[in-house]
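Counting starts at 1 for both ligands and their atoms, in listed order. Throughout, residue positions are numbered sequentially from 1 according to the sequence presented.
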Amino acid sequence: MKHLLGYLLLFVSFFSCFDFLVRPDYRNHVCKRQCNGQVMTCSYEFHFEWIYTMEPNCFNCTVNPNGNYNDCWRPECVPADGANHLVSILNRMMPGPQIEVCMGDTVLVTLFNDMPDVATTIHWHGMHQREMPWMDGVPFVSQCPIQPNNIFRYRFKANPSGTHWYHSHIGNQRVNGAYGPLIVRRPDFDNPHRQLYDFDSSDHVISLMEMYRVSPDELFYEDYRLKQINNNMVSTILVNRFGYNESNSVPPARFHVRKGFRYRFRVIHGGYRVCPIRVKIDNHNMTIISSDGEDIQPVTVQTFYINNGERYDFVVTANQNGDRFWMRFLGLMDCENKEGRAILTYDTVQNAPEPQTLSLPTTQPAPDGLVMNCINTPSGVPGCLDMTQLRSIVQSPRLCGRPDFRYYFSFDTYNYALPEFEGPGQENVITTPVVNNISFIFPHTPLVQEYQPNNFCNIENQQNCQGLPICQCTHVVSIPHGSLVELVLVDEGTVFDLSHPIHLHGYQFAVVGQDRLGTSTSTWDIRRLVENNLVQTNCDRPILKDTVSIPDGGYVIIRFIADNPGYWLSHCHVEHHMEVGMGFVLQTGNPKFPPQDFPRCGDYYG
Ligand SMILES: *[C@@H]1O[C@H](CO)[C@@H](O)[C@H](O)[C@H]1NC(C)=O
Ligand SMILES: *[C@@H]1O[C@H](CO)[C@@H](O)[C@H](O)[C@H]1NC(C)=O
Ligand SMILES: *[C@@H]1O[C@H](CO)[C@@H](O)[C@H](O)[C@H]1NC(C)=O
Ligand SMILES: *[C@@H]1O[C@H](CO)[C@@H](O)[C@H](O)[C@H]1NC(C)=O
Ligand SMILES: [Cu+2]
């Protein structure tokens, strides 16, 4: 009977949309359910493999009349920017399958590395991996890279709830398509914002990513070896799998609403280079209710910015006359003001089919109005809400005590090229991203498996530095279990209209201070201010996040209680910065070792 039903479903879906998905997309996974407090075990299979964007899975997809617009909506079609790019992705989808579970569920993802030549890992961005820090997906910190032809099963508790995501943590694989949403919901009775919206739909998840004309590997090589000034490299900002712009053949993503209802949207910025994205919806306000998975006191804004790695949830009320409105995603800095677009579509019936032809909105952008998460702005600028002006819905009293430890981490680029980037004409041209003047290098066996203090260094202990004048080492700072920690994250050096979004694995932290100072900042100046209580901090319901952007020439002050033993990478979420050393590891407490049979790797001198 079960079999018969399966065939019947297959039959129906075949004929309803010519859908011949080779890999499961999990749109109808059993774990995608009304959460009621009962937990489940949720299994997924992910295959990591190549496809081309646009061809051949998109058939005749184009917005031009000579093709077939409907082919663009085939579930296996990844139009991206309309060109053919070789991407390495999960289950032939970009973004990858959307995982939707309930808080406390056990998630099992069996990852098949079907790539012939590259290793991978997947980081579950937002998950705390309590008790099992070896499931964090960071190569050489929490596990060995998963080799071609190997299978690795990730197992973790869905905790905390909220809008999270997953992505490869190796090289340029994230921007090359290996990322996807991870949504963890709570039962209605345990959801303080439930009254603020009518629908929280799978179809209202927005993954943003920038798309380049050349392969990310080529871009990286050009940035660090050839030192090209890479102007005009971004082709589009992808909104889910669609990279519409005014001159290509790709349709804009659509988000359906019906008049009179309120919708919860969840937006995730995957990001690659320095690419803050400005989000606006013509004729509509957005009520922000959550950041990086944590509920906040709702604030209604007309505009907000999102940085690589961040997530925001907002409610849109469909209260306008008209049936199509632009949603605008403007990429700044390295994203060269390229604007991603999607359409907010008012339907008159539920589950309205996609239209047969393209018809674009004619709406115009409104002024910015009230802006949340302004980029590189000093605090207190009217019209701008920074992270210290948002409020959590809960107070965490312990976080406001006197910190047991305070550390300063200074993010900068050092005027000296690492040996691997040296070449003819390169002397003093290429700068190296550093934290406290240290360029992070990964150890050769995972920290979680083998404690290697002989390779560690930090600002106080530099005897293991290699590659002077820049100290290169496995930058590790150890923090005793249970302590209240304050980190002062400083963007040192000359202001350069960049900003580093910093992600801490394993924790959420309270953002208690944030400001931009002058045009050139030293950590020592900020240290003096902090130690003389001259910086303004807020500990009245500070918001909890896992990724925060340091204003250029400024600082962010974060706090957390070090109660999750593990080796937790903390790093700039700009891949071009992380890959060349802008990161460090916080060792909190005494991490447990993984099981005996956990895969091993390391060096061999025969
Ligand atoms: C795509 O277009 C070609 C040429 O017009 C046509 O032969 C082919 O059947 C079309 N494919 C689909 C799936 O519609
Ligand atoms: C639109 O995208 C295409 C790639 O699909 C790119 O070549 C073109 O330059 C983009 N146009 C604009 C105005 O950005
Ligand atoms: C958006 O919010 C502003 C300020 O609260 C308000 O004046 C305006 O009417 C709102 N617009 C819509 C479309 O709800
Ligand atoms: C990093 O090195 C520079 C140049 O030697 C120095 O001015 C700066 O104070 C150092 N930063 C830190 C955080 O030690
Ligand atoms: Cu950075």
Engineer: Do protein heavy atoms approach atom 11 (N) of ligand 1 to less than 4.0 Å?
Structural biologist: yes
Engineer: Indicate yes or no for a side-chain donor-acceptor contact from D136 to the backbone of H505 under 3.5 Å, with no hydrogens or angles considered.
Structural biologist: no
Engineer: Can you find an N/O atom of N437 closer than 3.5 Å to an N/O atom of ligand 4?
Structural biologist: yes
Engineer: Which atoms of ligand 4 are found less than 4.0 Å from any heavy atom of E492?
Structural biologist: 11 (N)
Engineer: Under 2.5 Å between the SG atoms of C58 and C72?
Structural biologist: no
Engineer: Output yes when a side-chain donor or acceptor of N532 lies under 3.5 Å from a complementary backbone atom of L534, and no otherwise.
Structural biologist: no
Engineer: Keeping the roles fixed (side chain from T547, backbone from E310), state whether a donor-acceptor pair exists under 3.5 Å.
Structural biologist: no
Engineer: For H577 and H571, what are the C-alpha separation, side-chain angles and deciding distance, and is it a ring-ring contact (aromatic ring centres under 6.0 Å, His included)?
Structural biologist: CA-CA 9 Å; H577 294 172; H571 63 98; over 10 Å; no
Engineer: Using 4.0 Å as the upper bound for N to carboxylate O, is an ion pair formed by D203 and R254?
Structural biologist: no
Engineer: Are the gamma sulfurs of C465 and C473 separated by less than 2.5 Å?
Structural biologist: no
Engineer: Between M209 and R174, which heavy-atom pair has the shortest distance, and what is it?
Structural biologist: CE-O, 3.5 Å
Engineer: Any protein heavy atom sitting closer than 4.0 Å to atom 14 (O) of ligand 4?
Structural biologist: yes
Engineer: Would the distance check show the side chain of D71 and the main-chain N or O of N60 forming a donor-acceptor pair, the cut-off being under 3.5 Å?
Structural biologist: yes
Engineer: Around atom 3 (C) of ligand 1, find the nearest protein heavy atom and jot down its residue, atom name and distance.
Structural biologist: N60 ND2, 3.5 Å
Engineer: Starting from atom 5 (O) of ligand 4, locate the nearest protein heavy atom and write down its residue, its atom name and how far away it is, to 0.1 Å.
Structural biologist: Y414 OH, 4.1 Å
Engineer: Around the Cu ion (ligand 5), how many protein N/O/S atoms fall inside 2.8 Å?
Structural biologist: 3
Engineer: Might you check, step by step, whether the distance between atom 7 (O) of ligand 1 and some protein heavy atom is under 4.0 Å?
Structural biologist: no
Engineer: Tell me if a side-chain donor or acceptor on W165 pairs with a main-chain N or O of T163 at a distance below 3.5 Å.
Structural biologist: no
Engineer: Which atoms from ligand 4 have a heavy atom of W524 less than 4.0 Å away?
Structural biologist: 9 (O)
